[in-house]
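The next block holds one structure in the form of structure tokens; read it before the comments.
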Amino acid sequence: MRYLCLIFVCAAALQAQGRFDGKLIREIRFEGLSELSSEYLKTRIKSTEGGAYESLLISEDIRRLYNLGDFLGDIRVRVQERPDGGLVLTFEVRERRVCTSVQLLGHDELEDILEEHPTKKFVADFLHIRSGDLYNRYFVDVDRKWIADTYKRAGFLFVDVQVRLEPADGGVDLIYVVHEGPQVLLEEVIFEGNGDIKRQDLIDHMQTKAYEYLGLLYDGEYNPETLEEDLVNLEIYCRSRGYLNARVWLADMSFSDDQQWLTLTIRVEPGRLFKVERIEIIGATLFSEDTIKSRMRQKEGVAFNGEVTQQDVNIIRALYSSKAHLFAQVRLDLHYTDSDNGCVVSFTLDEGEPITVERIDIRGNLKTKDKVIRRQLTLRPGDLYDSNKMSESVNNLGRLSYFSGIDTDFTDASTPDRRNLVLEVEEGETGQIGLGGGFSSAFGFSGSISLVQNNFDITRVPGSFRDVIDGRAFAGGGQSFRIDLRPGNQRSSYSVSFQEPFFLDTNFSLGLSAFLYQRFFRDYTDSRLGMQVEFGRHLNLNTTVTLGYRLEDIFIGEIDADAVADVIEVAGQSALSLARLGIKFDYRRLSRDLLVTGGWAYDTRYEVAGGYLGGTWDFHRALATADYYTTVLQWPYEYPHIFHFRGQAGWADAYGGQEELPIFERFYSGGPTTIRGFQHRSVGPQEDDRPVGGEAMLRGTAEYSFPLYKSLLRGVFFIDAGAVETEWKDWSFNRLRVSVGTGIRLRLPIFPAPLSLDFGVPLELEETDDREFFHINFGFGI
């Protein structure tokens with residue numbers, strides 16, 4: 001209606017004032033101004049002082065002034081002719097008044113929606129017009145649209161925002177009236193025409209998710225902008241699956257009667273499935289075409305897969321990076337062939353020049369000494385760059401658990417074929433003072449007081465109280481120091497330990513520990529006081545040979561009258577003097593949250609007690625443990641599904657006239673850390689329904705773990721098997737115990753180790769075995 005009035009005003013001006021066309025304008029005036037200046041408005045119109053009067057130009061000037069949004073009602077033009085023949089042009093306006101207040105009514109949900117904004121939390125922070133500003137129709141429309149769009153992005157699709165102006169002293173009150181309507185939740189997504197493309201695969205590539213499990217899994221919020229992105233991503237996904245002409249669009253939206261639930265129908269037209277007739281490798285000289293193709297996942301004669309071919313690009317780059325061609329470029333091209341559904345995939349290579357590492361700069365290590373980091377690196381200054389060595393170096397640093405983040409970068413060096421490697425670390429918390437407690441189905445309730453520094457430095461004495469506050473005191477040297485006090489109702493232990501992994505900056509390690517241990521069994525008590533020293537030699541960063549010595553004072557007391565003969569034979573005080581030779585291999589790969597995702601580890605040791613070493617007991621023993629990890633898949637997002645296999649074998653025997661091992665040094669199985677589904681130590685030889693252990697042990701575990709909620713909660717399925725025999729000659733697979741089960745692992749900051757809850761069911765067992773279906777281990781700390 002306003003624009004219609006404007007047309008009539010302009011027409012009237014043309015008719016009444018056309019007689020002035022061609023005469024010079026000597027002066028332009030504006031009447032009715034209070035805030036705006038005449039000089040400013042003169043710059044917004046086409047008519048000028050000294051220029052010729054034109055009726056059509058005056059009409060355009062009225063429109064321009066009106067569109068500024070600074071005036072109320074009609075804009076009138078008055079023309080006066082001066083005695084000298086010149087014209088005075090006067091624009092009569094009514095300037096908009098100041099917005100004395102800006103109000104929102106009915107916006108109950110808006111501030112809750114804005115809580116997720118990273119910086120702005122209040123509605124006023126987003127509005128262009130605030131109290132005290134001049135009313136501007138353009139900015140009012142912008143703000144009204146922002147309010148409506150904000151609601152729609154949160155699923156309020158039927159929101160209506162009206163603008164109301166009310167007179168006020170000195171201006172006007174600007175009021176936005178919001179009718180929110182219901183928040184629409186997505187009930188279902190229907191796909192039509194998707195053919196061989198699975199519905200779940202399409203759902204996995206969408207951010208828009210239907211409401212599931214009372215909103216705990218997916219809240220069902222619908223955002224039209226997100227859906228637009230999803231449709232594009234679905235089309236990209238279908239084309240990456242070999243349907244190169246695929247089209248995806250929104251076919252229908254239907255709402256429930258109360259407008260609260262939405263059903264989306266998405267039409268998918270895959271078109272023809274294209275197969276790879278030929279793979280071309282162009283420009284490769286460092287590697288043969290067959291070598292490159294053998295590493296690639298995309299194969300000839302099968303459907304084209306865009307995701308796989310993009311992975312192949314990264315595989316080729318990694319292959320060249322392993323041979324120092326750090327900046328090798330790979331261009332992927334796709335060509336159609338003459339056949340209806342054939343294509344050729346071309347990888348064009350620019351191999352670049354081999355790069356030498358000139359210098360390694362370490363940044364971000366405020367506490368950790370440079371040498372602690374550098375000794376974990378297998379890539380050295382002067383080496384040709386090797387991506388495999390770089391990955392190995394980062395993994396070695398990750399296994400230290402000193403850092404919460406590790407990044408790499410490169411800077412220019414002295415020549416174009418050289419680069420400086422920049423290693424940026426973000427230090428995590430390596431020291432803890434903990435008070436806690438816990439429960440284990442095997443060991444009952446226990447308390448915990450611990451002082452732990454995994455990045456200890458015995459030489460870094462604090463120079464000030466500030467060093468203690470900043471965590472620099474006794475930190476940063478790569479040593480480890482631990483004090484543990486764990487009283488319990490079935491087991492108590494107290495220990496202090498120190499380890500220097502690179503003693504005197506050599507490849508030798510030194511470990512020292514002292515301990516007091518007490519275990520309360522059904523018919524006796526086992527108490528020990530001892531110390532241990534261990535030397536090691538690093539053959540490389542993953543392999544260590546160790547030689548250790550342990551001395552213990554042992555007291556077996558509080559023996560029941562009906563205790564088994566093996567307990568009575570070791571009653572009283574005795575001494576254990578034992579030497580150990582071992583070798584450890586550790587090639588495990590860890591994720592950033594310290595989850596083992598791949599690789600393997602092997603630990604074997606041989607121990608001998610007594611003889612020339614002295615002590616009460618003469619025996620020798622061997623134990624081997626092997627672990628293998630692999631990531632099966634990563635879903636959802638990047639959370640890994642991991643398969644873990646562990647195998648253990650042990651053998652022991654007495655010598656020097658001693659007939660058998662003391663009962664407290666034998667092998668036992670059963671319980672949460674060995675064979676689940678059985679009571680602790682119940683698998684193996686027994687006497688009077690009491691475990692007496694054996695000299696031969698074999699057991700294995702296969703475990704599949706998967707994410708339940710991000711990295712905090714994981715589920716597991718497992719199979720445990722094993723047995724303990726009095727001697728190896730008694731071994732029989734017929735007595736092998738087997739159990740299967742499931743469990744959860746919860747990782748929270750208050751728990752020093754993941755809470756584990758397992759449910760195991762024995763499949764193969766002996767009559768003497770004791771079952772225990774549930775196993776739980778947890779502890780908490782502050």
I'd like to know whether Asn455 forms a side-chain hydrogen bond (donor to acceptor under 3.5 Å, both in side chains) with Thr368, so could you lay out the CA-CA distance, the side-chain angles of the two residues, the decisive distance to 0.1 Å, and finally the verdict.
CA-CA 8 Å; Asn455 190 9; Thr368 306; 2.9 Å; yes

Where do [X] and [Y] come nearest, in terms of heavy atoms and distance?
X: Val683; Y: Gly722; answer: CG1-O, 4.4 Å
X: Leu379; Y: Ser393; answer: N-OG, 3.6 Å
X: Ile458; Y: Phe474; answer: O-CE2, 3.9 Å
X: Val372; Y: Gly476; answer: CG2-O, 3.5 Å
X: Arg737; Y: Ala723; answer: NH1-CB, 4.2 Å
X: Ser492; Y: Phe520; answer: OG-CE1, 4.4 Å

Check whether any side-chain heavy atom of [X] sits under 4.5 Å from a side-chain heavy atom of [Y], and report yes or no.
X: Ile406; Y: Leu423; answer: yes
X: Val570; Y: Trp617; answer: yes
X: Arg550; Y: Phe515; answer: yes
X: Asp758; Y: Val716; answer: yes

Out of Arg646, Arg745, Arg714, which one pairs with Glu703 under the salt bridge (charged side-chain N to carboxylate O under 4.0 Å, His left out) rule?
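Among Arg646, Arg745, Arg714, the one that satisfies the salt bridge (charged side-chain N to carboxylate O under 4.0 Å, His left out) with Glu703 is Arg745.
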
Counting neighbours of CD1 on Ile568 that are heavy atoms of other residues, nucleotides or ligands and sit closer than 6.0 Å, is the number greater than 12?
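Counting neighbours around CD1 of Ile568, more than 12 heavy atoms of other residues, nucleotides or ligands fall under 6.0 Å, so yes.
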
Considering residues, nucleotides and ligands other than Glu764, do more than 12 of their heavy atoms fall under 6.0 Å from its CD?
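No.
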
Take Asn454 and Ser480 through the side-chain hydrogen bond (donor to acceptor under 3.5 Å, both in side chains) test and state the conclusion after the steps.
CA-CA 4 Å; Asn454 292 321; Ser480 64; 5.8 Å; no

Enumerate the ring pair (Phe, Tyr, Trp, His ring centres under 6.0 Å) contacts for residues 524-559, please, sequence neighbours excluded, ordered by first and then second residue.
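Only Phe502-His538, Phe521-Tyr524 qualify under ring pair (Phe, Tyr, Trp, His ring centres under 6.0 Å).
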
Could you walk me through whether Phe717 and Phe706 satisfy the ring pair (Phe, Tyr, Trp, His ring centres under 6.0 Å) test, starting with their C-alpha distance in whole Å, then the side-chain angles of each, then the deciding distance to 0.1 Å, before giving a yes or no?
CA-CA 9 Å; Phe717 294 113; Phe706 51 93; 5.3 Å; yes

If we ignore hydrogens and angles and just use 3.5 Å, is the side chain of [X] paired with the main-chain N or O of [Y] as donor and acceptor?
X: Ser669; Y: Val724; value: no
X: Thr616; Y: Ala575; value: yes
X: Arg666; Y: Leu661; value: yes
X: Tyr402; Y: Gly478; value: yes
X: Gln658; Y: Asp618; value: yes
X: Arg537; Y: Val545; value: no
X: Thr597; Y: Thr631; value: no
X: Tyr628; Y: Gly647; value: no
X: Asn395; Y: Arg588; value: yes
X: Thr630; Y: Phe643; value: no

Return the set of residues passing salt bridge (charged side-chain N to carboxylate O under 4.0 Å, His left out) with [X] (not counting sequence neighbours), or none when no residue passes.
X: Glu427; answer: none
X: Asp562; answer: Arg690
X: Asp603; answer: none
X: Arg621; answer: Glu607, Glu665

Applying side-chain contact (heavy atoms from CB on, under 4.5 Å), name anything that partners Thr726, two or more places apart in sequence or on another chain.
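For Thr726, the residues satisfying side-chain contact (heavy atoms from CB on, under 4.5 Å) (neighbours in sequence not counted) are Pro685, Asp730.
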
One pair to check against side-chain contact (heavy atoms from CB on, under 4.5 Å): Thr625 and Thr604. What are the steps and the verdict?
CA-CA 6 Å; Thr625 302; Thr604 184; over 6 Å; no

Relative to each other, are the rings of [X] and [Y] parallel, tilted or perpendicular (30° and 60° limits)?
X: Phe733; Y: Trp731; value: perpendicular
X: His644; Y: Tyr629; value: parallel
X: Phe585; Y: Tyr602; value: tilted

Report the C-alpha separation of Phe481 and Val496 in whole Å, then their side-chain angles, then the decisive distance to 0.1 Å, and conclude whether the side-chain contact (heavy atoms from CB on, under 4.5 Å) test is met.
CA-CA 8 Å; Phe481 178 75; Val496 57; 3.9 Å; yes

When you measure from the centre of the six-membered ring of Phe718, is the NZ or CZ of Arg676 under 6.0 Å away and within 45° of the axis?
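Verdict for Phe718: a cation-pi partner in Arg676.
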
Could Asp586 and Lys584 be called an ion pair, given the rule that one side-chain N must be under 4.0 Å from one carboxylate O?
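Looking at Lys584 together with Asp586, the answer is no, because their closest N to O distance does not fall below 4.0 Å.
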
